[in-house]
Q: 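Shown below is the structure under consideration.
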Amino acid sequence: MRVVTTAQTQELDVQPTPLALLLLGREADPRSERGVECPGDLPSPSDPDLVERARAAKEKLGSRVFVLGHHYQRDEVIQFADVTGDSFKLARDAAARPEAEYIVFCGVHFMAESADILTSDDQKVVLPDLAAGCSMADMATAEQVAECWDVLTEAGVAEQVVPVSYMNSSADIKAFTGRHGGTICTSSNARRALDWAFEQGEKVLFLPDQHLGRNTAVRDMGMSLDDCVVYNPHKPNGGLSADELRAAKMILWRGHCSVHGRFSLDSVNDVRARIPGVNVLVHPECRHEVVAAADQVGSTEYIIKALEAAPAGSKWAVGTELNLVRRLANRFAPEGKEIVFLDKTVCFCSTMNRIDLPHLVWTLESLAEGTLVNRIEVDKETEAFAKLALERMLALP
C-alpha cells in the first residue's frame, strides 16, 4: 500500500488509502520512500534565533559536516548549503568530500540513498526529515517491478529488455536495474542512456517516470508515440497484452512527478496569451504535449544555464518547481529578465518542502552534540547492485 494524492489518483486509477497519515510523517510504510516522524523535539518555527542556531551548530561541526541543498529547497534552508545542484550532482559532490564525517542532504529520501551508495562506509548520510520522500519514486516498488519482469518473461520478451531507471528512484529500483543489466539516467543524459540501452537490447523498460521516457524517445530519438506503451502496475499484466509488449520499443512505467505533471497545454497557451513574446522553458518530466509546445526543454541545470545566457529584457515562463523559479526570478530581475511560473496555481514540491529550518537546526545541533540522527543507510547487497547500475551510467560516452 502507498499514499496517493488526489491528483495522482486521476492518473493512476487508484483510490486514496488510510495511509494518508504518511504525508504527515506520523506512520511508517516499509515499502514506501516516506519515513516516520523525527525523534526528539524540533525547535519552534517561530523561534527568531533559528538562523543563528543553525550557523552556530554548523560552525561547531566545521569540516566534519557537508551540507547539500537541492535546487528545489526553500531559501531558508538553501542558505546553509555548502553546494547546490540536482540530485546526482549532489551525490557526486558528497563522494568527493571523503573528509566529511556527516553528509546532511537537504533533499528527499532517494537522493540521500544515492549519496550513501556513492560515499565511503565511514561517512554518514543524514536526512533532516525522514518523511521527505518522493511521490514519483514511490510509484515503483520493488515488488511491483519484480511482478512486471515476470509479465515480460511470460510474454517472451524479457531477454530483449534493458531496464533504464531514472535517478529519481529508490535504491531497490536502482538495484533491480543493476541486476538486470541496465543503467541509471538523469534528465540531462537520458538520450545517451537510451542509445546505450538499445545497443544492448531491442526494448527498454523505463522506470519510474513515463514522461521523461516518452519525451526522450519521441522528441529526442525520433520514435513515434506508437512505439511506446505504458505499464500500469495497478492493472493485471500492467494493462497490456503480450502482443502489445512484443510490438513496443519503449515500455514506460506509469509514474510521474506530481509537480511537473500538473503543467498542461492550457498552461502554455494561457501564458502565451498573457505575456506576448514569452519563451516557454520546461523540464522533460512534463507531459508530452507540454514539451511539444515549449520553446526549450531541459534538466534543472539546463534551465538555470538557459536563463543565465538569456538576453536582458527577455521574458520566460518556466515549468519546474516553484522554489527554483522564484529564486531565479529574483536573481535575474536586476538584469531585466522577466521570469514567471508556467502555471497560475502555486505548486511547491510538498515532500521536498518538509526539509525546513527547524528540521535542519535540530539535525545540526544533534550532530554537534554527538548524537547521530536520521541516518540513511542502504544495505550492502542493494548498494552493490545499485552502484553497478550507477557505474554503467558514469561510463556512458
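Starting from 1, each residue takes its place in the sequence as its number. Scope of the values below: all heavy atoms of this structure, side chains included, with no hydrogens, waters or symmetry mates.
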Q: Work out which heavy atom in L212 is nearest to a heavy atom in C185; give both atom names and the distance.
A: CD2-SG, 4.5 Å
Q: Does the side chain of S187 reach to within under 4.5 Å of the side chain of Y302, using non-hydrogen atoms?
A: no
Q: Who else is in W253's hydrophobic cluster (ILVMFWY, side-chain heavy atoms under 4.5 Å, direct or via others)?
A: V145, W149, V151, L152, V157, V161, I173, F176, L205, L207, V229, Y231, L240, L245, I251
Q: So, taking the atom named CE in M250 and the one named CG in D226, what distance separates them when rounded to the nearest 0.5 Å?
A: 14.0 Å
Q: Got a second to check how far Y102's OH is from L364's CG, nearest 0.5 Å?
A: 11.5 Å
Q: Of all heavy-atom pairs between A293 and L265, which one has the smallest distance, and what is that distance?
A: CB-CD1, 3.6 Å
Q: Quick check for you: to the nearest 0.5 Å, what is the distance between L127 atom CG and D129 atom CG?
A: 7.0 Å
Q: When you compare the side chain of F263 with that of F341, does any pair of heavy atoms fall below 4.5 Å?
A: yes
Q: Checking the side chain of T119 only, and the main-chain atoms of A115 only, is there a donor and an acceptor separated by less than 3.5 Å?
A: yes
Q: Step by step, would you call C106 with L68 a side chain to side chain contact (heavy atoms under 4.5 Å, CB included)?
A: CA-CA 6 Å; C106 298; L68 309 175; over 6 Å; no
Q: Could you tell me if the side chain of W196 sits less than 4.5 Å from the side chain of V162, heavy atoms only?
A: yes
Q: Report the C-alpha distance between M111 and L90 in whole Å, list the side-chain angles of each, state the deciding distance to 0.1 Å, and finish with yes or no for side chain to side chain contact (heavy atoms under 4.5 Å, CB included).
A: CA-CA 8 Å; M111 299 179 187; L90 293 176; 5.6 Å; no
Q: Could you tell me whether the side chain of D116 and the main chain of V125 form a donor-acceptor pair under 3.5 Å?
A: no
Q: Kindly give the heavy-atom pair with the smallest separation between G213 and F206, and that separation in Å.
A: N-CE2, 3.4 Å
Q: Are D209 and C257 packed together at the side-chain level, in the sense that at least one heavy-atom pair is separated by less than 4.5 angstrom?
A: no
Q: Measure up the H70 and Y72 rings against each other and bin them: parallel (under 30°), tilted (30 to 60°), perpendicular (over 60°).
A: perpendicular
Q: For A100, does its backbone N or O pair with a side-chain atom of Q123 as donor and acceptor, under 3.5 Å?
A: yes
Q: Output the distance between atom OG (S114) and atom CZ (R92), rounded to the nearest 0.5 Å.
A: 12.5 Å
Q: Tell me whether D227 is salt-bridged to R214, with the criterion being a basic N under 4.0 Å from an acidic carboxylate O.
A: no
Q: For the pair D47 and R53, find out whether any cationic side-chain nitrogen is under 4.0 Å from an anionic carboxylate oxygen.
A: yes
Q: Please identify which of these residues, H260, E285, H283, meets the side chain to side chain donor-acceptor pair (under 3.5 Å) condition with T320.
A: H260
Q: Show, in sequence, the C-alpha distance, side-chain angles and deciding distance for S267 and D343, and conclude whether the side-chain hydrogen bond (donor to acceptor under 3.5 Å, both in side chains) test is met.
A: CA-CA 5 Å; S267 303; D343 196 76; 2.9 Å; yes
Q: Looking just at side-chain N and O atoms, do S299 and S188 make a donor-acceptor pair shorter than 3.5 Å?
A: no
Q: Are any non-hydrogen side-chain atoms of D75 and N323 less than 4.5 angstrom apart?
A: no
Q: Examine L307 and V291 and state if one hydrophobic cluster contains both, with Ile, Leu, Val, Met, Phe, Trp and Tyr joined whenever side-chain heavy atoms are less than 4.5 Å apart.
A: yes
Q: In terms of heavy-atom contacts, does CD of Q160 have more than 12 from other residues, nucleotides or ligands at under 6.0 Å?
A: yes
Q: Side chains of S135 and D138: any donor to acceptor distance under 3.5 Å?
A: no
Q: Tell me which pairs pass salt bridge (Lys or Arg N to Asp or Glu O under 4.0 Å) where either residue lies in residues 149-169, with sequence neighbours left out.
A: none
Q: Kindly say whether G261 contributes a backbone atom to a donor-acceptor pair with the side chain of R287 at under 3.5 angstrom?
A: yes
Q: With the threshold set at 4.0 Å, does a side-chain nitrogen-carboxylate oxygen contact exist between E381 and R179?
A: yes
Q: Taking the side chain as every heavy atom from C-beta outward, state whether H211 and C286 have any atom pair closer than 4.5 Å.
A: no
Q: Identify the two heavy atoms, one from K174 and one from S169, that lie closest to each other, and give their separation to 0.1 Å.
A: NZ-O, 2.5 Å
Q: Ignoring hydrogens and angles, tell me if any N or O in the side chain of N189 forms a donor-acceptor pair with the backbone of R192 under 3.5 Å.
A: no
Q: Evaluate the side chain to side chain contact (heavy atoms under 4.5 Å, CB included) criterion for residues M136 and Y166: first the C-alpha distance (whole Å), next the side-chain angles of each, then the deciding distance (0.1 Å), finally the verdict.
A: CA-CA 10 Å; M136 179 198 295; Y166 191 21; 3.8 Å; yes
Q: Check this for me, if you would: do R191 and D220 make a salt bridge, where the nitrogen-to-carboxylate-oxygen distance has to be below 4.0 angstrom?
A: no
Q: Can you name the residues that form a side chain to side chain contact (heavy atoms under 4.5 Å, CB included) with E76, not counting sequence neighbours?
A: R74, Q79, D356, L357, P358
Q: Are the side chain of Q200 and the backbone of A197 linked by a donor-acceptor contact shorter than 3.5 Å?
A: no
Q: Does Q210 use its side chain to pair, donor to acceptor, with the backbone of R254 at less than 3.5 Å?
A: no
Q: Under a 4.0 Å N-O cut-off, is there an ion pair linking E308 with K337?
A: no
Q: Just jot down the salt bridge (charged side-chain N to carboxylate O under 4.0 Å, His left out) partners of D243, sequence neighbours excluded, or say none.
A: R246
Q: Does the side chain to side chain contact (heavy atoms under 4.5 Å, CB included) test come out yes or no for T177 and V164, once each step is laid out?
A: CA-CA 7 Å; T177 305; V164 175; over 6 Å; no
Q: Extract all donor-acceptor atom pairs below 3.5 Å that involve side chains of residues 310-319 and protein atoms in other chains or at least two apart in sequence.
A:
from : atom 1 : to   : atom 2 : distance (Å)
S314 : OG     : P311 : O      : 2.6
S314 : OG     : W316 : NE1    : 2.9

Q: Taking all heavy atoms of K58 and all of F80, pick out the closest pair and write down the distance.
A: CE-O, 3.1 Å
Q: Does the pair K89/E301 count as a salt bridge with the N-to-O cut at 4.0 Å?
A: no
Q: When rounded to the nearest 0.5 angstrom, what distance separates NZ in K380 from CD1 in I117?
A: 10.5 Å
Q: Tell me the closest heavy-atom pair linking I103 and A94, and the distance in Å.
A: CG2-CB, 3.9 Å
Q: Verify, without hydrogens or angle tests, whether N237 (side chain) and G239 (backbone) share a donor-acceptor contact under 3.5 angstrom.
A: no
Q: Side-chain contact test, heavy atoms from C-beta onward, threshold under 4.5 Å: evaluate it for H359 versus R354 and give yes or no.
A: no
Q: Can you give the donor-acceptor pairs under 3.5 Å from side chains of residues 387-397 to other protein atoms, not counting sequence neighbours?
A:
from : atom 1 : to   : atom 2 : distance (Å)
R392 : NH1    : G178 : O      : 3.2
R392 : NH1    : G182 : O      : 2.8

Q: Is there a side-chain contact between E321 and H71, using heavy atoms and a 4.5 Å cut-off?
A: no
Q: Below 4.0 angstrom, N of the basic side chain to O of the carboxylate: do R97 and D93 qualify?
A: no
Q: Rounded to the nearest 0.5 Å, what separation is found between the CG atom of L324 and the CZ atom of R331?
A: 10.0 Å
